[in-house]
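Scroll down for the structure; my scribbles are underneath it.
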2 protein chains.
Amino acid sequence: MNTQSTRADNILRCARSLIVRGGYNSFSYADISKVVGIRTASIHHHFPSKSDLVRVLVAQYREEAAAGLSQLEQAIPDPLDQLRAYLGYWERCFADMAAPFCVCALLAGEIPVLPEEVAAEVRAHFRQLADWLTGVLERGAAQGRLRLSGTARADAEMLLATTHGAMLSARAYGDATAFGAITRPLLERIAA
Amino acid sequence: MNTQSTRADNILRCARSLIVRGGYNSFSYADISKVVGIRTASIHHHFPSKSDLVRVLVAQYREEAAAGLSQLEQAIPDPLDQLRAYLGYWERCFADMAAPFCVCALLAGEIPVLPEEVAAEVRAHFRQLADWLTGVLERGAAQGRLRLSGTARADAEMLLATTHGAMLSARAYGDATAFGAITRPLLERIAA
DNA sequence: GACAGGCTCCCTACTAGTTGGTAGGTTTGG
DNA sequence: CCAAACCTACCAACTAGTAGGGAGCCTGTC
């Protein structure tokens, strides 16, 4: 296993931070070039086209998300605490200004103008996340820890939507604390 | 009052439908030119710069929204029905494929790369909408028609976030019915 | 040990097309 | 006649992407 940061990794990391600011059409190979210190032609060597770059970027993002969620599931037994940890992760992201937006939430809005391969990855992320949340809610309800207002799936979709909407609101208001202010009451209400 | 569709109106209408697809950076003067049947230079005559165009576009959108909401408030006395009408409006937009996204919700995600003047308009729209929802919830609670889970303001922000998030989910899943599936249970739960 | 071949990575140089925007002249309607 | 509206003809900067070459590095072979 190779943990040293390769050029391709640098490019992906940089592209992610750029895409998180304003989506697919808000950055160019030239922008990456300036930050990473590489010529645009060399970026094409690693990622022949922009859609390749973003497809890989989102796929990698999804893998990290999956890994993070399964690790979180292992470390934290209680379903309510798992939700808390999930939302807490994003709250910390906003506080740090590290990556104050979900890549896929941003790209979802742009789906009509996205290359099909990228759109498919975004779609898959939404399903993945909704599935995970559904599982957590099901277990929480079975254990009597959570009080659902509908089916686990329906509540999961609502939770997902509120989370993404809270990101939009935080951006719109220019207030990082808005995310927590919106999502925290969600948890209090769902706790049995 | 001049109800005939002027050139500037056509440009704005066209730009709106383009911007709704993928945000600020997803369309160009050339795109508008092709649809409206006018040269790009002539668009600059009506809107000197792109940020002017989008600022006016969002301001007009906000006016329409304000007018729509106040009209809705006049026509429908019951607060719960007002919420139903508001969400129903968007549900119909998705069904028609007419304008299946809120201009400001889309632009909110891109705020870091938006011209400041446009960002200010988007911010104002969020506040305007949150204010309206807060008012509806307050009245609904006072009349015993709605059962709030927090303050009216907090519930309004959550409702707003869920609505916007549901738009993202509908796009991500490529399923227009997803919007209603997510938002309808919201109303059932809030109804006293 | 030398050395050729091939591979990865990155470069310079270039392309065609698009971007938002300008200068200045012409048409059109009151 | 005047002004708004629209045009042609530009522009410089930027877009993603290509062609081709050179430096370094491993690997197989004599």
Side-chain angles (χ1 to χ4, degrees), chain A residues 1-19 21-58 60 107 110 112-119 121, chain B residues 1-58 60 107 110-119 121:
Chain A
M1 180 153 170
N2 163 1
T3 53
Q4 81 186 356
S5 82
T6 67
R7 218 71 198 253
D9 286 337
N10 283 339
I11 293 169
L12 284 169
R13 196 172 14 248
C14 174
R16 193 194 286 195
S17 77
L18 286 170
I19 218 172
R21 294 188 74 233
Y24 189 86
N25 289 305
S26 76
F27 78 101
S28 69
Y29 273 32
D31 297 326
I32 298 173
S33 157
K34 282 170 209 151
V35 177
V36 175
I38 194 179
R39 293 292 131 117
T40 61
S42 308
I43 304 176
H44 281 285
H45 169 74
H46 295 282
F47 306 98
S49 75
K50 193 179 181 182
S51 56
D52 289 323
L53 168 59
V54 178
R55 181 178 41 76
V56 172
L57 185 157
V58 178
Q60 195 192 58
L107 291 179
E110 300 179 315
V113 300
L114 251 36
E116 177 48 36
E117 353 156 26
V118 175
E121 287 287 344
Chain B
M1 177 152 174
N2 166 1
T3 54
Q4 83 186 356
S5 80
T6 68
R7 219 67 200 256
D9 286 338
N10 281 341
I11 293 168
L12 283 169
R13 197 174 10 251
C14 174
R16 190 193 288 197
S17 75
L18 286 170
I19 218 172
V20 155
R21 294 189 73 234
Y24 189 86
N25 289 305
S26 76
F27 78 101
S28 70
Y29 273 34
D31 297 326
I32 298 173
S33 157
K34 282 170 208 152
V35 177
V36 176
I38 195 180
R39 291 294 130 115
T40 63
S42 307
I43 304 177
H44 281 284
H45 169 75
H46 294 282
F47 305 98
S49 75
K50 193 180 180 181
S51 55
D52 289 323
L53 169 60
V54 177
R55 181 178 41 76
V56 172
L57 185 157
V58 177
Q60 195 192 55
L107 291 178
E110 301 179 315
I111 275 192
V113 300
L114 250 38
E116 177 48 38
E117 353 154 28
V118 175
E121 287 287 345

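Naming convention: chains lettered A, B, ... in sequence-line order (proteins, then strands); numbering from 1 in each chain. Computation of the quantities below employed the complete heavy-atom set of this structure, encompassing side-chain atoms and omitting hydrogens, waters and symmetry-equivalent molecules.
- Atom CD1 of A/Ile32 is separated from atom C1' of D/dG17 by 14 Å (rounded to the nearest Å).
- Here C/dG21 presents its C1' atom at 12 Å from CG of B/Asp52, a figure rounded to the nearest Å.
- The backbone N or O of B/Leu107 sits nowhere less than 3.5 Å from a side-chain atom of B/Tyr24 that would complete a donor-acceptor pair.
- Between A/Asn10 atom CG and C/dC9 atom C1' the separation is 14 Å, expressed in whole Å.
- A straight line from CZ of A/Arg55 to P of D/dA16 spans 17 Å, rounded to a whole angstrom.
- In this structure, the NE2 atom of A/His44 is 13 Å from the C1' atom of C/dC14, given to the nearest Å.
- Taking only side-chain nitrogens and oxygens, B/His46 never comes nearer than 4.0 Å to OP1 or OP2 of D/dA4.
- Side-chain nitrogen and oxygen atoms of A/Arg7 include none within less than 4.0 Å of the OP1 or OP2 phosphate oxygen of C/dC9.
- Taking only side-chain nitrogens and oxygens, B/His45 comes nearer than 4.0 Å to OP1 or OP2 of D/dA5.
- Distances shorter than 4.0 Å separate some side-chain N or O of A/Ser42 from OP1 or OP2 on C/dC11.
- D/dA13 atom C1' lies 13 Å from atom CG of A/Asp31, rounded to whole Å.
- Both A/Ala8 and B/Tyr24 lie near DNA chain C, and the one whose nearest nucleotide falls closer to the 5' end is A/Ala8.
- Backbone-only engagement by B/Ala30 is indicated by non-hydrogen atom pairs under 4.0 Å involving sugar-phosphate atoms exclusively.
- For B/Phe47 and A/Gly37, each mapped to the nucleotide of DNA chain C holding its nearest heavy atom, the one lying further toward the 5' end belongs to A/Gly37.
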Worked verdict on B/Leu53 versus B/Leu12 for side chain to side chain contact (heavy atoms under 4.5 Å, CB included)
CA-CA 7 Å; B/Leu53 169 60; B/Leu12 283 169; 3.7 Å; yes
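- The residue B/Ser28 sits close only to the backbone: its heavy atoms come under 4.0 Å of sugar-phosphate atoms, none of a base.
- Only one option out of A/Asp31, A/Val35, A/Asp9, A/Ile38 pairs with A/Cys14 in a side-chain contact (heavy atoms from CB on, under 4.5 Å); it is A/Val35.
- Distance, B/Ile38 CD1 to C/dT27 P: 17 Å, rounded to whole Å.
- Residue contacts for B/Phe27: at a heavy-atom cut-off of 4.0 Å it reaches the sugar-phosphate backbone alone, with no base atom in range.
- Atom-to-atom, OH of B/Tyr29 to P of C/dG17 comes out at 24 Å; the value is rounded to the nearest Å.
- Distance check: A/His44 NE2 to A/Asp52 CG gives 10.0 Å after rounding to the nearest 0.5 Å.
- In summary, the side chains of A/Arg13 and A/Asn10 do present a donor paired with an acceptor at a separation below 3.5 Å, with no hydrogens or angles considered.
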